[in-house]
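In what follows, every chain begins at residue 1, and chains take the letters A, B, ... in the order their sequences are listed. Only this structure's heavy atoms are used, side chains among them; waters, hydrogens and symmetry mates stay out.
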Protein chains: 2
Amino acid sequence: ADPKAVAAAWERQHALTKPRGALGVLEEVGARLSGIAGACPPPLPEPVAVAVFAADHGVHAQGVTPWPQEVTGQMVANILGGGAVVNAFSRQIGAELCVVDVGVAGPPLDDAPGLLRRRVRAGTADLSVGPAMTRDEAVAALEVGIEVGRDLVTAGNRLLVAGDMGIANTTASAALVATFCGLDPAEVTGRGTGVDDAMLAHKVTVVRRALDLHRRDPQDPIAVLAAVGGLEHAAIAGLLLAAAAARVPVVLDGVIAGAAALVARAIAPDAVDCWVAGHRSTEPGAAAALDALGLRPLVDLDLRLGEGSGAVLAVPLVQAAARTLAEVATFDSAGVADKGAAGRAGEVSP
Amino acid sequence: ADPKAVAAAWERQHALTKPRGALGVLEEVGARLSGIAGACPPPLPEPVAVAVFAADHGVHAQGVTPWPQEVTGQMVANILGGGAVVNAFSRQIGAELCVVDVGVAGPPLDDAPGLLRRRVRAGTADLSVGPAMTRDEAVAALEVGIEVGRDLVTAGNRLLVAGDMGIANTTASAALVATFCGLDPAEVTGRGTGVDDAMLAHKVTVVRRALDLHRRDPQDPIAVLAAVGGLEHAAIAGLLLAAAAARVPVVLDGVIAGAAALVARAIAPDAVDCWVAGHRSTEPGAAAALDALGLRPLVDLDLRLGEGSGAVLAVPLVQAAARTLAEVATFDSAGVADKGAAGRAGEVSP
């Protein structure tokens, strides 16, 4: 991030016709957007593109979810048909949406507008009994995400959202978050789509077994990804890196994006400055990932859907933060009396 | 609210292609919108109108804020010129905005597009030494809000936001909230635009003195309003009642709207079903009011600006909740496998 633009954003926030600090977290978002763009005010972050990365997980065989694996492909078809929650939310904010098949199991998906066929393999192997994928496959999936991110930016998009679709992907996410954050599986494994207590306990055991089996060094993020990650985690990490390289902000969704962001940050630590946390999922691994990334989520509504849905909800908040810096009058320009230097000096700056 | 429509909304939420309960608080909002409209799915709540009610407060003379009283009129001019935060946020969501002068102090404001001249009196009297206004004035201000609300609905708006502008209005809000919630002034009086510790302590004393002086019965809400309220509180309460009568939802902003909602609920208890809490302000009286109203805020970003700004930010979330019910496919329609009745039975319904 550009420290001069960040400083200019804070200075401008304080000159705008509002009490100092009265926009709370949105002032931090405005400063962040300025730092990403290297300019204050930052450009309005639009148009917005949502890329949903779909993949399957071999760990599904361990019974970590009540949903059949076929639901991944069925939900991809639902998204391509415009019928999923992420479609409704994207229409609400005027965002374009595509689905990237980076690793759905089963036969190739039917062609459809908005589907990008980039399958690296037909689902990962079972991470609890061996590596989820090879190192080459992890790199290939990462490159898929880099390419998609770059293409979306080239197409003119100025804010990206990376969504996910993949039955059992919260299990792989928990393994990634536990590894990168050094936390116990019980702290970061959640109910995903809503498993019961018995299945949750089993899921924790599966994640623990995977970590004991692989013992990867978080300093080698590709190795961690290959051992316990998913193809969509790799691809989302790639998109996050491509966007940061292009200085285009990305809004993170829940635990899948959070886990992918930990991978991406391990590859390129400064990239984190280009990401905004969209929401706090009920999934414990999501909160752990955001804490580790130092990001405060904008929406906190007990969501646990995935697809990028929570991030899409946060987009208007991010845009409002940018609009504030671009459009709100200053005390001087509006002829509004500030409460004066004396009052200001007594206040704590944000 | 229509209980059949609420039940239909929950039934539909459970049939949509998403895990049960995965949209958290938004599912409650969707049920609420259905109940208001008496239909599931509810109509998309747009277009949106924002009415900012401006008024001054005699209690300003007690030194409860570092801002001069003239700032109320200056900020009204800023809003009418499009330069305030609420303007930027309203543009972001495509909402129309008007300002209602229900009681600004000083000479009449200059005519301007979007200004409604409905001044009942030029600011209230000092509530800490006598009644803020007469009962007739409180009723007149309430009627201003009823009329504005009715006009906005007649003009076709299907979601309303009531904002506020008035230096010292958090002091009157604290007195209203303390009275209706039966709380101590220290629990509900906050820093407003950002007063220091000494001024906050003084502000609490002023509110306490007012409550000791008036001792109004919350069962007579007009009497409370006349004793310790503001003209904008009365008008916002009126708008809340008019919208509820027309079954059009209103998104509440911070402590001023929260205090006004307590007044309105005391007049018409069922009306609360038509309101949605936009955000949790840092002002303690806002949280107390929402608790008393049984409303959970959608946005929680340490905002404390007023003008309706926090409510406007919440509008896309409210719209997303409605879109979910209207646009998302069901398991049946999309051909997606549900995890089955066994899995369902094990889950807790919302």
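- Every pair tested for ring pair (Phe, Tyr, Trp, His ring centres under 6.0 Å) that includes a residue from residues 296-318 of chain A fails, sequence neighbours excluded, so the list is empty.
- Between chain A and the options Val86(B), Leu317(B), Leu313(B), Val328(B), the largest number of non-hydrogen pairs under 4.5 Å is found for Val328(B).
- With a 4.5 angstrom heavy-atom cutoff, Pro316(A) touches chain B via backbone and side-chain atoms both.
- When Lys18(A), Glu307(A), Glu46(A), Gln319(A) are compared by the number of non-hydrogen pairs under 4.5 Å with chain B, Gln319(A) comes out ahead.
- Taking CG of Leu23(B) as the reference point, atom CZ of Phe89(A) lies at 5.0 Å (rounded to 0.5 Å).
- Interface residue Ala320(B): backbone and side-chain heavy atoms are both found under 4.5 Å from chain A.
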*What do the steps show when you test Gln92(B) against Leu44(A) for side chain to side chain contact (heavy atoms under 4.5 Å, CB included), and what is the final call?*
CA-CA 10 Å; Gln92(B) 178 65 41; Leu44(A) 194 60; 4.2 Å; yes
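- Among the candidates Val315(B), Val299(B), Leu298(B), the residue making the largest number of heavy-atom pairs closer than 4.5 Å to chain A is Leu298(B).
- Ranking Val336(A), Val25(A), Leu301(A) against chain B, the residue ahead of the rest is Leu301(A), based on heavy-atom pairs under 4.5 Å.
- Closest heavy-atom contact between Asn78(A) and Ala334(B): OD1-CB, 3.5 Å.
- When the candidates Val85(B), Thr324(B), Val29(B), Thr65(B) are compared by the number of heavy-atom contacts under 4.5 Å with chain A, Val85(B) comes out ahead.
- Contact tally against chain A (heavy-atom pairs below 4.5 Å) for Arg91(B), Glu28(B), Met75(B), Glu70(B): the top residue is Arg91(B).
- Contact check on Asp300(B) versus Arg280(A) returns no salt bridge, with no Lys/Arg side-chain nitrogen under 4.0 Å from an Asp/Glu carboxylate oxygen.
- The minimum heavy-atom distance between Pro19(A) and Arg304(B), with the atom names listed, is CB-NH1, 4.1 Å.
- Rounding to the nearest 0.5 Å places CD1 of Ile93(B) at 10.5 Å from CZ of Arg323(A).
- Your options are Val312(A), Thr17(A), Val71(A), and the one with the most heavy-atom pairs under 4.5 Å with chain B is Thr17(A).
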